[in-house]
J.: 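Here you go, one structure.
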Amino acid sequence: MKFKDKVLLAVSRIPKGKTSTYKEIAARAGRPLAYRAVGNILSRNYDLKIPCHRVVRSNGQPGGYNRGAERKILVLKKEGVRL
DNA sequence: CGTATGACGTGCA
DNA sequence: GTGCACGCCATAC
């Protein structure tokens, strides 16, 4: 199991209507300090099976999205996530 | 194998 | 509260 897969798995574990932070995902993947790599990996591995749009920044900012940040925010709002 | 990059986080002004 | 600079890790070339 590579760090990449762990990250994707952790993201896929995020329940609907909830959000997680890159830091949290990194910790889930076993590298709490690799939040940098988390964003990088997600950006290069945007599987539709992975709700990567539920991953936000620690400061509450939406962050980014491979399909456009606007799209990400839209999905989050649809799921009932409050900003 | 070594360098550069990125959807980040924290600290300080 | 806002803005800038540095540090960190894994991946890609």
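Sequence lines set the chain letters: A, B, ... in the order given, protein chains first and strands last, and positions in each chain run from 1.
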J.: Running the 4.5 Å side-chain criterion over Ile, Leu, Val, Met, Phe, Trp and Tyr, what cluster does A/L76 land in, apart from itself?
T.: A/V56, A/V81

J.: Can you sort out the partners of A/N45 under side chain to side chain donor-acceptor pair (under 3.5 Å), two or more places apart, ordered by chain and number?
T.: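 So A/N45 forms a side chain to side chain donor-acceptor pair (under 3.5 Å) with A/K4.
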
J.: Give every residue pair that meets the salt bridge (charged side-chain N to carboxylate O under 4.0 Å, His left out) criterion with at least one member in residues 22-35 of chain A, sequence neighbours excluded.
T.: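 Every pair satisfying salt bridge (charged side-chain N to carboxylate O under 4.0 Å, His left out) with a residue in residues 22-35 of chain A: there are none.
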
J.: Just to be sure I understand the geometry, which residues of residues 66-77 of chain A put a non-hydrogen atom under 4.0 Å away from DNA chain B?
T.: A/N66

J.: Can you run down the side-chain hydrogen bond (donor to acceptor under 3.5 Å, both in side chains) pairs that involve residues 55-65 of chain A, sequence neighbours left out, and say none if there aren't any?
T.: none

J.: Between residues 14-29 of chain A and DNA chain B, which residues have a heavy-atom gap below 4.0 Å?
T.: A/Y22, A/K23

J.: For A/R71, check side chain to side chain donor-acceptor pair (under 3.5 Å) against everything at least two apart and list the hits.
T.: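 Residues passing side chain to side chain donor-acceptor pair (under 3.5 Å) with A/R71: none at all.
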
J.: Base contacts versus sugar-phosphate-only contacts with protein, heavy atoms under 4.0 Å: please encode nucleotides 4-9 of chain C as B, S and - from 5' to 3'.
T.: ---BBB

J.: How does the hydrophobic cluster around A/L8 look, that is, which other residues are in it when side-chain heavy atoms under 4.5 Å mark a link?
T.: A/F3, A/V7, A/V11, A/I14, A/Y22, A/I25, A/Y35, A/V38, A/I41, A/L42, A/I50, A/V55

J.: Nucleotides 1-4 of chain B: which of its N/O atoms have a protein N/O under 3.5 Å away?
T.:
none

J.: Considering only Ile, Leu, Val, Met, Phe, Trp and Tyr, and joining two whenever side-chain heavy atoms are under 4.5 Å apart, list the other residues clustered with A/L74.
T.: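 None; A/L74 is a cluster of one.
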
J.: Residues sharing A/V75's hydrophobic cluster, by side-chain heavy-atom contacts under 4.5 Å among ILVMFWY, directly or via others?
T.: none

